[in-house]
Amino acid sequence: MIGILLCGIAIGIAVAGLLFIHTRPISANVKLAANIMHTFTLVISTATATSALAHLGEPQACWLVAEILGVAIDACTP
């Protein structure tokens, strides 16, 4: 559960960082580096949170993962 919380915090920081760099006049190289870094953080944090939710072992967690990803998981039953 702590991992899910930390991933949520990382996602929030990455989104705030992306918003910050797109609203400030900074050089193109810095903007590119920040875009790559924050996008990578978003991808890793989302994947880690999804994996952690799926490993909770509860049907509710499986349905939450399916809802997050927007796909149906037939193996999970309510």
Side-chain angles (χ1 to χ4, degrees):
M1 206 55 158
I2 292 174
I4 297 169
L5 179 66
L6 291 176
C7 287
I9 291 170
I11 289 170
I13 291 171
V15 169
L18 285 171
L19 289 173
F20 182 79
I21 64 168
H22 286 289
T23 58
R24 302 288 186 261
I26 55 177
S27 71
N29 290 335
V30 172
K31 190 175 277 194
L32 177 65
N35 273 332
I36 292 170
M37 179 185 67
H38 289 301
T39 303
F40 183 73
T41 302
L42 279 173
V43 169
I44 295 299
S45 296
T46 304
T48 304
T50 303
S51 175
L53 285 170
H55 283 91
L56 286 177
E58 300 177 11
Q60 293 84 8
C62 290
W63 285 109
L64 183 58
V65 169
E67 188 175 323
I68 289 172
L69 296 176
V71 297
I73 297 178
D74 295 331
C76 296
T77 55

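Start at 1 with the first residue, then count along the sequence.
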query: Cluster question for you: counting only ILVMFWY and a side-chain heavy-atom cut-off of under 4.5 Å, with indirect links fine, are L18 and I44 together?
result: no
- prompt: Is there a path of hydrophobic side-chain contacts, each under 4.5 Å between heavy atoms of I, L, V, M, F, W or Y residues, that connects L6 with V15?
  reply: no
Pair up each side-chain donor or acceptor in residues 31-43 with any protein partner under 3.5 Å, not counting sequence neighbours, and list the distances.
unit_1	atom_1	unit_2	atom_2	d
N35	OD1	H22	NE2	3.1
N35	ND2	K31	O	3.4
T39	OG1	N35	O	2.6
T41	OG1	M37	O	2.9

task: To the nearest 0.5 Å, tell me how far I11 CD1 sits from T46 OG1.
output: 4.0 Å
